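All values derive from a computational prediction rather than experimental measurement.
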Amino acid sequence: MSPDDWNDLQTMAGTIWGEARGDGIEGMEAVACVIHNRFHARKWFTGYHIENGVKVPDIKQTCLKKYQFSCWNRKDPNFSKIIRLNKSDKTFCLCLEIATRVLSGKLPDFTNNATFYHTRAVRPKWAQHHSPCYETEHHLFYNDVN
C-alpha cells in the first residue's frame, strides 16, 4: 500500500519508524509527541487539507509537509523503505501502537511541547542559539524554535 493511501495513523507511524526506529521506545514516543505538537501548533509547520474551502489541520499532511520530516524526502534512504512498510514489520507495528496512543490522548507529551528535533550527529543552523528541552539517546528536542 502506498503512503498516498495511508490514513493519519499509518502516516504518523511511518514517520515515527523513519525518524526514530533506532532510538528505542522513548525516542519513538518523543517523535510522536513532536508530530502531535506540530499538528496542534497551527503554525507554518502544520499541514492542512482543504474541507469545504476551509483549511483544516491534518496529521498526515503535517507529517508529509515538504522538508519537515527528512524520512519523507524522496532522496532520503528511509523513504524507499517506508513506502514498502506493512504490518509484517514488528517495529512498524510498535509505531502504530505509539501513534494510536498519541492520537487517542493516552500518551502525554513528555517532551515539554517540543516541535523540532535533530539527531546528535548533526547541528543544523536552525538549532543554533537554542537549548534542547528534551533529549534521548540519539535526538535533541526543542520547544523554542519559531
Quick one: pull up [atom1] in [X] and [atom2] in [Y] and give me the separation to the nearest 0.5 Å.
X	Y	atom1	atom2	result
H138	E19	NE2	CD	13.5 Å
C95	E29	SG	CD	10.5 Å
L85	R21	CG	CZ	8.0 Å
Q10	F92	CD	CZ	6.0 Å
K66	L64	NZ	CG	12.5 Å

For N73, which of C71, P77, S70 qualifies under side chain to side chain contact (heavy atoms under 4.5 Å, CB included)?
S70
Please say which of T100, L96, L94 ends up in a side chain to side chain contact (heavy atoms under 4.5 Å, CB included) with I98.
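Checked T100, L96, L94 against I98; only one passes side chain to side chain contact (heavy atoms under 4.5 Å, CB included): L94.
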Kindly work out whether a path of hydrophobic side-chain contacts (I/L/V/M/F/W/Y, heavy atoms less than 4.5 Å apart) joins [X] to [Y].
X	Y	result
L103	Y48	no
L140	F110	no
F45	I59	no
I35	I25	yes
W126	F141	no

So, T91 and W17: side-chain donor and acceptor under 3.5 Å apart, yes or no?
no
Between the side chains of H139 and D23, does any donor sit under 3.5 Å from an acceptor?
yes
Atom of [X], atom of [Y] and distance for their closest heavy-atom approach:
X	Y	value
R38	T115	NE-O, 2.6 Å
G27	T136	CA-CG2, 4.0 Å
K65	T46	NZ-O, 3.3 Å
V31	I16	CG1-CA, 4.3 Å
A99	M12	CB-SD, 3.7 Å
D109	C33	OD1-CB, 3.4 Å

Taking [X] for the side chain and [Y] for the main chain, is one N or O donor matched with an acceptor at less than 3.5 Å?
X	Y	value
R123	Q128	no
N52	V54	no
N143	N112	yes
R101	E97	no

Go through Y117 and F69 one step at a time and tell me if the side chain to side chain contact (heavy atoms under 4.5 Å, CB included) criterion holds.
CA-CA 10 Å; Y117 63 92; F69 293 97; 3.4 Å; yes
Please evaluate residues H49 and V56 with respect to the criterion side chain to side chain contact (heavy atoms under 4.5 Å, CB included), reporting the C-alpha separation (whole Å), side-chain torsions for both, the decisive distance (0.1 Å), and the verdict.
CA-CA 5 Å; H49 71 268; V56 178; 3.7 Å; yes
For side chain to side chain contact (heavy atoms under 4.5 Å, CB included), just list the numbers for R120 and E135, CA-CA rounded to whole Å, side-chain angles, deciding distance to a tenth of an Å, and then say yes or no.
CA-CA 9 Å; R120 291 180 180 272; E135 299 182 25; 2.8 Å; yes
Does any part of the side chain of [Y], heavy atoms only, come nearer than 4.5 Å to the side chain of [X], both counted from C-beta?
X	Y	answer
I82	W6	yes
E137	E26	no
D144	C133	no

Neighbour count above 12 (heavy atom, 6.0 Å) for R42 CZ
no
Aromatic rings W44 and F116: how do their planes relate, parallel, tilted or perpendicular, breaks at 30° and 60°?
tilted
Which word best sums up how the rings of H118 and Y142 line up, parallel for under 30°, tilted for 30 to 60°, or perpendicular for over 60°?
parallel
Derivation and outcome, side chain to side chain contact (heavy atoms under 4.5 Å, CB included), residues F79 and R74:
CA-CA 6 Å; F79 179 77; R74 302 275 182 200; 2.6 Å; yes
